[in-house]
Amino acid sequence: MATNKPNKLAFLSMPAPASYVAGLGRGASGFTTRSDIGPAREGPSAEVIAEAQARRGEEPDIDSEQFQDPDNEYGLFAGTTYEQDDEEADRIYEKVDEAMDSRRRVRREVQEQLELAKHRAERPKIQQQFADLKRGLSAVTDEEWENIPEVGNLTRKKRRREERTYVVSDSIIVGDRSKNEYENSLDPAQQQNGGFETPADGGTMTNFVEIGQARDKILSLKLDQISGTSTSSGTATSVDPKGYLTSLDSVVLKTEAEIGDIKRARMLFDSLVKSNPKHAPGWIAAACLEEHAGRMVAARKLINAGCEQCPKSEDVWLEAARLHNNDDAKVILANAVQHVGQSVKIWLAAADLEHDMKAKKRVLRKGNAATALEHIPNSVRLWKETVSLETSPSDARILLARAVEVIPLSVELWLALARLETVDRAKAVLNKARKAIPTSHEIWIAAGRLLEQEASTTSDDTEQKKKLDLVDKTIEAGVQQLRRNQVILTREQWLKEAEKCETEGCPRTCEAIIKATVAMDIEEEDRLDTWEADVESAEARGMVGTARTILAYALKVFPNVRDLWTRAANLEKAHGTRQSLDDILSRAVQHCPQAEVLWLMGAKERWLAGDVPAAREVLEKAFVANPESEQIWLAAVKLEAENGELEVARALLVRARTVADTERIWMKSAVFERQQGQLDTALDTLSTALKKFPKFAKLYMIQGQIYESQKKYSAARASYAAGLKLCPKECTLWILASRLEETEGKSIKARALLDRARQVNPGVDVLWAEAVGVEERSGGPTQAKAMLARALQECPTSGLLWSMAIWAEARPQRKARSVDALKKTSDHPLVVCAVARLFWSERKIEKARDWFGRAVRNEGSDLGDIWGWWLKYEREYGTEEQREAVRVKCETADPHHMLVWQSINKDVRNSGKTTRQILEMVADALQ
């Protein structure tokens with residue numbers, strides 16, 4: 001059966017449809033060329049293009065303006081008519097919109113008004129700013145309008161001037177061109193005459209020698225006139241040749257800007273004094289301006305006009321007196337008294353102008369003319385100045401007696417009168433003052449001080465004690481009387497008065513004030529803390545008497561508080577005498593017999609005083625009160641050992657091991673035997689102690705050091721290993737084990753031990769420092785620096801590592817490294833000491849000494865190596881007095897730590913040596 005296949009050739013030969021455009025499916029469109037003008041067809045219609053776009057899935061372009069004309073609408077409402085119901089609906093919608101808008105309109109208008117008011121308040125109009133001034137202009141008269149001065153340019157800006165240019169003639173240009181030229185040949189006329197004759201002035205010769213002689217002669221004549229040696233006039237000149245140059249230096253040369261400022265200020269002040277002539281500061285400022293400008297005549301003229309315009313201002317009169325000479329100033333102040341006779345400043349200034357004492361007295365209180373005290377009898381200052389002029393105590397006493405009659409409420413005058421009277425009369429004066437001024441606490445304090453002064457002049461002890469007790473009663477009565485008169489001073493105010501009395505040399509009055517007021521306004525549960533704070537603050541201010549009295553009162557209230565007795569003992573040790581310290585400690589152990597520190601302080605003070613039997617007696621009493629006290633047993637052993645009683649010390653240690661039986665006593669026993677050379681006994685003691693206290697690391701350290709001293713390195717290694725197994729957190733044990741390996745030349749094993757130590761004890765700077773030391777001693781500086789860098793990453797705030805890092809750098813980089821170290825470690829004492837050594841190396845003597853002093857403050861005082869470096873420095877640059885001061889400070893601080901210090905202090909060969917001797921040895925060992 002045959003199939004009908006489409007004929008492609010027939011299709012291609014078929015004519016195209018009428019609306020066919022080639023490539024329209026790909027977005028092409030028809031176009032017409034010049035050759036198509038004849039039979040060319042129009043392009044596709046909009047419907048054809050829309051259909052093609054729909055086949056491609058594109059959205060047809062919509063004209064945005066087709067919805068603006070309701071007649072051309074199409075779509076949902078196309079072709080519909082606008083009927084009556086549509087109009088009604090639109091009207092309803094408009095009403096709804098109007099209702100919604102009216103509901104929000106009030107709120108919107110209120111918000112707009114608030115914003116507008118805020119804007120007007122922040123940025124008001126110029127009309128509003130000057131509205132009140134404009135209203136005030138209605139009261140200005142025509143004469144005032146005419147007297148308003150003209151205002152100049154106050155902007156302080158230079159007005160730009162128009163620059164004019166002129167045409168320069170050719171002759172000037174040619175002359176300027178030849179002005180700088182040089183002539184390289186001689187004039188022929190000069191060549192004929194030898195070159196020395198000047199052709200100008202008709203061929204005359206110029207004698208330069210005569211010109212120089214004439215100049216010298218004129219200069220010498222001027223110098224003779226200035227020096228006063230000229231005899232032509234017969235009188236010497238008033239010029240001082242020696243001070244001439246000095247006077248020239250004092251001349252102030254003003255710049256153009258300063259001159260301009262002075263001119264503008266002069267215009268302003270001129271306007272000020274004309275517009276308001278009764279304003280005294282304006283006249284003073286104008287006169288000071290002229291004085292600054294160097295116009296003294298104008299300044300005096302202005303200030304005189306100010307005195308006429310403002311006669312009631314004392315400042316104007318005083319300024320006028322200052323600007324005039326002494327004689328004119330007296331006349332001015334005499335006129336001032338006529339207008340302001342009640343001014344104390346005027347009278348005092350008039351008295352200061354007088355150089356004679358009698359004249360001063362005449363101004364203030366004597367003479368037939370009006371005086372200061374006649375015009376102002378109630379001025380305390382005038383009375384004080386008048387009394388100060390008197391040289392005789394009797395005359396001053398008479399004046400003060402009159403003064404307290406005139407001014408009975410002046411405490412100063414009453415106290416001044418009491419100071420000039422005898423003791424009995426002073427009591428009467430103070431009684432009168434107390435009745436006249438019952439609200440003054442100064443009078444009661446003055447009465448207490450008077451009684452203390454009277455007691456100090458009494459030789460009888462009983463009578464003296466009575467009068468001193470009377471001081472306490474007087475101050476206490478004064479506090480009660482002031483309370484009845486509604487005068488209540490706070491505790492802080494009373495303590496300030498007590499400190500004032502102590503400063504002025506009245507300790508018993510200070511003590512009486514504290515006894516009467518220290519317990520005021522304090523809750524019962526807060527008393528102890530408050531008093532301790534008061535003691536600390538008073539001691540910080542240097543008020544030792546106040547601190548001692550507060551402590552004494554607190555100890556009466558709290559006699560069983562150990563910290564108070566310790567603080568009192570430390571205060572007496574720092575500021576008191578040996579006897580006062582002994583008294584405090586004797587009382588302390590009676591109230592606190594269980595306080596071991598107080599017993600030990602008492603024994604130590606007697607021992608330092610050289611009274612060994614008394615120290616033994618104190619320790620015997622301490623044994624009775626504290627039979628199992630480890631510290632007291634060890635103190636007794638140390639006392640006997642230091643004084644050569646070795647058998648007694650050994651017996652005490654045996655008893656202590658039986659009674660107290662602590663790990664520290666066993667350790668001290670082994671150390672004692674080791675110091676005496678009994679190494680076998682020491683090892684037996686250590687073996688027994690290790691069975692009792694297997695986790696006490698110091699026993700292993702001592703045992704290993706003894707074996708190491710006997711060259712038994714394997715036994716020492718075993719001892720350290722046993723200690724590290726039971727006490728892995730003891731860094732000193734790791735360091736000793738590492739150094740033992742280094743001693744045998746096994747640096748690799750020493751590094752391994754320190755690596756294990758840092759793993760067990762991370763972040764410990766001492767272990768890192770020891771590792772750096774191992775690298776320096778065996779590996780070299782490069783490995784040591786790398787290890788130090790790792791250490792600083794692990795311990796970024798370690799003062800020990802940063803001090804090592806400073807010296808590990810090259811010399812130029814040490815200063816920058818020290819700055820970083822101070823910031824990272826917050827001024828650690830070791831870093832401060834390293835900086836002091838840097839200054840030492842740079843020969844900056846005073847700076848190095850200051851930084852060493854900073855290094856031993858606070859926590860640095862316990863670091864013995866710093867003291868050693870300071871003494872080493874003073875040996876090189878200091879005097880013997882400065883070296884002795886370092887030794888004394890070190891003995892007071894009594895340091896115990898740092899590597900070199902501990903290695904020397906704990907050496908068996910140095911047992912029994914003092915802190916001073918150890919310091920000298922440390923200074924010798926440091927490098």
Quiz prompt | Between Gln481 and Arg484, a side-chain donor and acceptor under 3.5 Å | solution = yes

Practice problem: Classify the side-chain pair His897/Asp862 by whether it contains a donor and acceptor separated by less than 3.5 Å. | Solution: yes

Quiz prompt | Ring centers of Trp802, His828 separated by less than 6.0 Å | solution = no

Quiz item: Are Arg887 and Glu880 within salt-bridge range, i.e. N to O under 4.0 Å?
Solution: yes

Quiz item: Does a donor on one side chain sit under 3.5 Å from an acceptor on the other, for Ser629 and Gln631?
Solution: no

Quiz prompt | Carboxylate-amine/guanidinium contact Arg875 Asp924, below 4.0 Å | solution = yes

Quiz item: Under 3.5 Å, is there a donor-acceptor pair linking the side chains of Gln882 and Arg849?
Solution: yes

Quiz item: Under 3.5 Å, is there a donor-acceptor pair between the Thr517 and Arg491 side chains?
Solution: no

Practice problem: Assess whether side chain to side chain donor-acceptor pair (under 3.5 Å) is satisfied between Ser580 and Thr577, documenting all intermediate values. | Solution: CA-CA 5 Å; Ser580 63; Thr577 61; 3.2 Å; yes

Quiz item: Do Thr915 and Glu891 have side-chain atoms, one donor and one acceptor, less than 3.5 Å apart?
Solution: no

Quiz item: Going by heavy atoms in the side chains, are Arg854 and Trp851 under 4.5 Å from each other?
Solution: yes

Quiz item: Can a donor-acceptor pair be found between the side chains of Trp870 and Glu874 at a distance below 3.5 Å?
Solution: yes

Practice problem: List the steps, then state whether side chain to side chain donor-acceptor pair (under 3.5 Å) holds for Arg674 with Gln705. | Solution: CA-CA 10 Å; Arg674 181 186 176 190; Gln705 288 173 344; 3.2 Å; yes

Quiz prompt | Lys/Arg N to Asp/Glu carboxylate O, Glu452 vs Arg449, below 4.0 Å | solution = no

Quiz item: Salt bridge check: are Glu572 and Arg578 linked by an N-O gap of less than 4.0 Å?
Solution: no

Exercise. Hey, can you tell me if Trp840 and Tyr877 have their rings parallel, tilted or perpendicular (30° and 60° cut-offs)?
Key: perpendicular

Quiz prompt | Ile866 CD1 to Leu871 CG distance, which is reported to the nearest 0.5 Å | solution = 14.0 Å

Quiz prompt | Pair Lys473 + Glu476: basic N to acidic O under 4.0 Å | solution = no

Quiz item: Do the side chains of Arg664 and Leu634 get nearer than 4.5 Å, heavy atoms only?
Solution: yes

